[in-house]
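Only one structure is covered here, and it is reproduced in the block below.
Since the model is a prediction, treat every value here as computed from it, not as a measurement.
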Amino acid sequence: MLVNKTVVLGITGSIAVYKAADLASKLTQVGVRVEVVMTESAMQFVTPLTFRSVTNQSVITSMWEMDSEFSIEHVALADAADIVVIAPATANIIAKLANGIADDMLTSTVLATRAPVVIAPAMHSNMFQNTITQENLGKLKARGFTIIEPSYGYLASGGKGQGRLAEIEKIIGTIKQVLGRDGDLAGKRVVVTAGGTREPIDPVRYVGNRSSGKMGYAVAEAARDRGANVVLIAGSVALPEPPGVEVVHIQTALQMKEAVTRAVAQVDVLIMAAAVADYQPKSRAVQKIKKEAVGPELTLEMVRAPDILSEIRGNFLRIGFAAETENLIGHAREELVKKQLDLIVTNDVTAPDSGFEVDTNQVTIISRGGKMDSLPLMSKRDVADRILDRVAEMLGER
Ligand code: CTP
């Protein structure tokens, strides 16, 4: 997690510097110590005061202004960094870093650090696509730097292209992922399903459910932040894709089954947080169903959809969710046995703080051996981490 980590945030001279103030602020708000280093050209766009105000730390702007106490500050800063993030990164800084140039505080710090380095380029698309810039980025990647691709859209110079600083949430997600690389799920492959499925009735209508996908997404992000390689198979959700996670979008239970089958070929853990349809319309009308043709009553014939968790077995941990409205523990225990799960997570979806769409959940985790852990109400992210604590334990026992 990010709390108490030291992020050295390098700011270089791109119009996107104003977005970096938001990044510095958001990181500070979640308990990160943000040490901002600005280059000369960055200060043409924004003054250090902006960053000092949002980080509550003094901003480093030069190697030479340091009093004697900080005469070798770049080494001290390089050592203190848990991660160095350069956002926005110009073509110029990328070129310097690729060639080992250390002519200012930021480049010297990067050359001296052993911490991971993340670069978020922002520049005109022609400069970004220039072979030299691409070669330089290739060199940095080969040396283990993480590059966050700029996004496509309006550029300050007019016109459109790929060159805009990546979204702040994406940068923060990447920082979490990089910091978690040595976590307790490092190298483990985890498949998570999330959201509800939609079973089409005709080209316009479907049978769906109220799942928002928030619980599954929280599990996927938490697993990523603990070092896992995560595949997230998502049904209907309205959530941004978590960076550093491979997302597969599907609609129906059948498509989800196919995606899970493919994804579990080489996997350590399957976590089925999705609300999968138990029934699907027996047939799907090719054209939109018209009232005039049907009359006053419409009967929909439904047949069983595949029960993914029951049907997909293998040499990996299988974790289910039981969203219930009554007799929670009884149903969950039955399901644990029936589907031969390693763990089941149950919650009462009628409770206002633990149902659909909300950010909190109150769950009970039951293990194969019968061990029961009733957790208090907490954020879905915290629930995710408690589930993954058990997963890490179980993987250790195998
Ligand atoms: N599940 C699944 N495939 C289905 C239905 C559910 O893989 N067609 C998974 C869910 O992702 C969840 C678990 O099975 O992890 C429990 O789902 P739930 O619908 O609560 O339970 P069911 O076994 O379908 O039992 P019932 O609907 O009868 O309560």
Side-chain angles (χ1 to χ4, degrees), residues 7-24 26-27 32 34-46 48 50-51 55 59-61 74 77-78 81-113 115-153 155-157 161-179 243-244:
V7 174
V8 170
L9 179 60
I11 313 285
T12 69
S14 148
I15 181 61
V17 284
Y18 74 94
K19 296 181 186 167
D22 187 28
L23 173 63
K26 289 214 164 90
L27 289 171
V32 172
V34 184
E35 299 280 0
V36 173
V37 183
M38 294 180 80
T39 62
E40 282 289 327
S41 45
M43 287 185 288
Q44 301 293 321
F45 289 94
V46 185
T50 303
F51 288 98
T55 64
V59 170
I60 303 157
T61 55
H74 63 282
L77 196 61
D82 289 302
I83 187 168
V84 178
V85 179
I86 306 182
T90 56
N92 187 46
I93 188 99
I94 290 165
K96 283 200 213 175
L97 295 177
N99 291 286
I101 293 171
D103 64 349
D104 63 6
M105 189 64 184
L106 182 56
T107 46
S108 304
T109 303
V110 174
L111 203 59
T113 194
V117 182
V118 172
I119 304 236
M123 64 195 75
H124 188 269
S125 53
N126 290 355
M127 292 173 81
F128 179 69
Q129 274 147 17
N130 190 301
T131 320
I132 295 181
T133 305
Q134 288 301 317
E135 275 174 17
N136 288 334
L137 285 169
K139 261 194 198 174
L140 294 177
K141 251 189 232 170
R143 278 208 249 127
F145 284 36
T146 302
I147 315 294
I148 310 177
E149 291 283 308
S151 54
Y152 180 90
L155 301 169
S157 51
Q162 189 190 8
R164 291 166 61 87
L165 181 70
E167 297 300 316
I168 298 305
E169 291 310 324
K170 186 167 180 189
I171 298 175
I172 295 175
T174 306
I175 294 172
K176 288 183 185 167
Q177 181 197 8
V178 171
L179 284 173

Value rounded to 0.5 Å, distance of [atom1] in [X] from [atom2] in [Y]:
{"X": "N130", "Y": "M123", "atom1": "CG", "atom2": "CE", "answer": "10.0 Å"}
{"X": "E169", "Y": "D22", "atom1": "CD", "atom2": "CG", "answer": "8.0 Å"}
{"X": "N136", "Y": "K96", "atom1": "CG", "atom2": "NZ", "answer": "13.0 Å"}
{"X": "Q162", "Y": "L155", "atom1": "CD", "atom2": "CG", "answer": "10.0 Å"}
{"X": "I86", "Y": "L9", "atom1": "CD1", "atom2": "CG", "answer": "9.0 Å"}
{"X": "I11", "Y": "F51", "atom1": "CD1", "atom2": "CZ", "answer": "4.0 Å"}

So [Y] and [X], do their side chains get closer than 4.5 Å, heavy atoms only?
{"X": "F128", "Y": "L137", "value": "yes"}
{"X": "I94", "Y": "N92", "value": "no"}
{"X": "T90", "Y": "T39", "value": "no"}
{"X": "I119", "Y": "L140", "value": "yes"}
{"X": "P121", "Y": "I147", "value": "yes"}
{"X": "E35", "Y": "V7", "value": "no"}
{"X": "T133", "Y": "Q129", "value": "no"}
{"X": "S108", "Y": "V110", "value": "no"}

Give me the atom names and distance for the closest heavy-atom approach of [X] to [Y].
{"X": "K170", "Y": "E149", "result": "NZ-O, 4.5 Å"}
{"X": "A87", "Y": "L23", "result": "CB-CD2, 4.0 Å"}
{"X": "T109", "Y": "A78", "result": "O-CB, 3.6 Å"}
{"X": "L111", "Y": "A102", "result": "CD2-CB, 3.8 Å"}
{"X": "L165", "Y": "A16", "result": "CB-CB, 3.8 Å"}
{"X": "D82", "Y": "L179", "result": "O-CD2, 3.7 Å"}

Query raised in the report: Does E167 CD have over 12 foreign heavy atoms under 6.0 Å away?
Result: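 No, because the 6.0 Å sphere around CD of E167 holds 12 heavy atoms or fewer from other groups.
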Query raised in the report: Does the pair V36 and I60 meet the rule for a side chain to side chain contact (heavy atoms under 4.5 Å, CB included), with working shown?
Result: CA-CA 6 Å; V36 173; I60 303 157; over 6 Å; no
Query raised in the report: How far apart are the C-alpha atoms of M105 and T61, what are their side-chain angles, what is the distance that settles it, and do they pass the side chain to side chain contact (heavy atoms under 4.5 Å, CB included) test?
Result: CA-CA 7 Å; M105 189 64 184; T61 55; over 6 Å; no
Report task. Could you please spell out the steps behind the side chain to side chain contact (heavy atoms under 4.5 Å, CB included) verdict for V178 and V117? Result -> CA-CA 9 Å; V178 171; V117 182; over 6 Å; no
Check: [Y] main-chain N/O paired with [X] side-chain donor or acceptor under 3.5 Å:
{"X": "Q177", "Y": "P243", "result": "no"}
{"X": "R164", "Y": "H124", "result": "no"}
{"X": "N99", "Y": "I101", "result": "no"}
{"X": "T107", "Y": "D103", "result": "yes"}

Requested in this report: Given side chain to side chain contact (heavy atoms under 4.5 Å, CB included), test V8 with V85 step by step and report yes or no.
Outcome: CA-CA 6 Å; V8 170; V85 179; over 6 Å; no
